[in-house]
Amino acid sequence: MRSLFAKEITNIAKNNKKVVILSGDIGNRMFDEFKDFAPDRFINCGIAEANMMSLASGMALCGLRPVIYTITPFTTTRCLEQIKIGAAYHNANLLIIGTGSGLSYSELGPTHHSLEDIAIIRSIPEIRLLTPSDPEELKVQLNESLLLDGPTYIRIGKKGEPNIFSKDNYLGIGKANVIRKGTDILILAIGPIVSEALSASNDLANENINVEVATMGSVKPLDEKFLEENLIRNFKYWITLEEHGLVGGLGSAILEWASDNNYLDKLKLKRIAVKNQFINKLGNQNYTRKMLGLDSSGIRNTIKNLCEN
Amino acid sequence: MKTDLNIIAKTLRRKIIETSFRARIPHIGSCLSCIDLLVYLYWCELKINPLESENIHRDRFILSKGHGAPGLFQVLAAKEFFPLNLLEEFGKPGSVFHEHPPKPGYIAGIEAATGSLGHGLPMALGMALAERIQKLEYRTYAMLSDGECNEGSIWEAAMLASAQKLNKLTVIIDYNKWQATGRSQEVMAIEPLSDKWKSFGWDIQEIDGHDFSQIKDSFNKAKDESKPSAIIAHTIKGKGVSFMEDDNNWHYRIPNADELQRSLRELEDES
Ligand SMILES: [Mg+2]
């Protein structure tokens, strides 16, 4: 996803002279083409994210469209107050890209895991929180965000994410998309981890459990219309799946939506996410997903248990 | 000019204290220490037409020490960015005039919401970069307190401004030697302050922040520099009222009726 991001933002910036890239001293070589044609619009802000976030809001207040790029924990929780005040309260037209979200940098340890960014950013008013599941969705959301007023945070993966969507999907901001039809269980997923849900669903089909898989596209705004339409379909369970902590993520957002709208008696919901813990024994992303029950077999087992009880 | 500015500053000092008394707003000491600098900026230095306070080429001024807002509001009212009578709402429930500047759009002339220290200079840095990138024509100014220099983000901004050679960025430090609960030198060993800024790659000047001719010279010299410029203005917290001067209780205290009368007498216009 990150190379798609670099390519697409470069294309956009060729036409939109207001786009400026601010990097927190990462992305070596990724932005070479951008730097070649717009050296004055690429600023390496060093390893100083609080300053980078505030200066982006200052730029936005003076007419630019800054795009801030660094690894998720450093562009979210590291500079949280600068996001709350500089970006959100000032309603600044800026775009925050968190790269390597969730467990993308699994083996780099808890310093590089982002399992609370959704919970925290979601609590701030007036900032969009987008969670594209594949490069194509990122591309659409990136282009749309740069036309909207106010700040946007896009949580992306690292590299090698599979393409998920077909031409029939409409990938706009705030749009859920069904990528596999089913009738027993509804999985609502965000981010590249949706591929694990697809693979689990294929396995479950052999066991006569018929799973529908949808991606939510963004946590804020939440596609409430889509959720409402599914209330009447009598799924046995709704499953939320996210590479994020259990606390405050997509699962929480949907439970809050259900509670606020008096729908709690209309659905059963199980959250699949990382329980509230630090991960101390490290491996790559696949290893950690498996260990935490977030891989396809973990998802399959969770759903089988729900169906058997 | 000199006398005029002194008279203006004295008038605004009275208004700051009266407003603090009436609206129960603190930070008198902080406002009195920077009011001379604010008066010079708005009467002599900044290219901002109050009638076009959103003109894209206007100079940008950020009060990074946001708790000086009661002083800045008086300055903006006196310069007719908004009608003076709006200040009658100061401190009332539902008013936009309270202790800190709100985000732009609520009070004409306010460029950034800065109640949390350490945000204003980085935002000003972004504004200075925006000027260069878009080939606009303005200078950017940020006023900091010495206490605010405790914040790491100030030094992050100082390093980047220097790397980017932002010669149209000027910082003014209201160096009154106090922060909220103690001597700034004792809390964080702020000295040698001007060496710090110098070693971060800034042009530095040290002036008496209550002397209009020194203030004038420093702003003029700042314009000639090829690097960002820091004016370290030595000031006295509570300046202008004998019993407030250099007494840090006036960071939070609100004057009683007797103190109000005594201060107003001290600030009477002799002319
Ligand atoms: Mg001070």
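Order of the sequence lines fixes the chain letters, A, B, ..., with proteins taken first and strands second; residue numbering starts at 1 for each chain.
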Interface moiety of A:Lys18 toward chain B, non-hydrogen atoms closer than 4.5 Å: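 Contact with chain B: side chain only.
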
Proximity breakdown for A:Ala50 and chain B, heavy-atom pairs closer than 4.5 Å: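 Both backbone and side chain of A:Ala50 come within 4.5 Å of chain B.
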
Give the minimum heavy-atom separation between [X] and [Y], together with the two atoms involved.
{"X": "A:Glu81", "Y": "B:Ser116", "answer": "OE1-OG, 2.6 Å"}
{"X": "B:Pro122", "Y": "A:Asn51", "answer": "CB-OD1, 3.2 Å"}
{"X": "A:His90", "Y": "B:Pro104", "answer": "CD2-CD, 3.4 Å"}

Any donor-acceptor N/O pair, A:Tyr89 side chain to B:Ala113 backbone, under 3.5 Å: no

Under 3.5 Å: donor-acceptor pair, side chain of B:Glu156, backbone of A:Met52: no

Answer yes or no: are there more than 12 heavy-atom neighbours, outside [X] itself, under 6.0 Å from its atom [atom1]?
{"X": "A:Lys175", "atom1": "NZ", "answer": "no"}
{"X": "A:Asn28", "atom1": "CG", "answer": "no"}
{"X": "A:Leu148", "atom1": "CG", "answer": "yes"}
{"X": "A:Lys220", "atom1": "NZ", "answer": "yes"}
{"X": "A:Glu107", "atom1": "CD", "answer": "yes"}
{"X": "A:Lys17", "atom1": "NZ", "answer": "yes"}
{"X": "A:Phe37", "atom1": "CZ", "answer": "yes"}
{"X": "B:Lys198", "atom1": "NZ", "answer": "no"}

Region of B:Ile133 that comes under 4.5 Å of a non-hydrogen atom in chain A: both

Interface residue of largest heavy-atom contact number with chain A, from B:Ile62, B:Leu129, B:Ile56, under 4.5 Å: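 Of the options given, most contacts go to B:Leu129.
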
Residue selection (most heavy-atom pairs with chain A, distance under 4.5 Å) from B:Gly126, B:Ala124, B:Ala130: B:Gly126

Measuring from atom [atom1] of [X] to atom [atom2] of [Y], what distance do you get when rounded to the nearest 0.5 angstrom?
{"X": "B:Glu131", "Y": "A:Met59", "atom1": "CD", "atom2": "CE", "value": "11.5 Å"}
{"X": "A:Leu64", "Y": "B:Met127", "atom1": "CG", "atom2": "CE", "value": "11.5 Å"}
{"X": "A:Ser54", "Y": "B:Leu125", "atom1": "OG", "atom2": "CG", "value": "9.5 Å"}

Candidates B:Lys103, B:Met123, B:Glu111, B:Arg60 - the one meeting side-chain contact (heavy atoms from CB on, under 4.5 Å) with A:Leu61: B:Met123

Test item: A:Gln82 and B:His119 side chains (from C-beta on) under 4.5 Å apart, heavy atoms: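 With C-beta onward as the side chain, the pair touches.
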
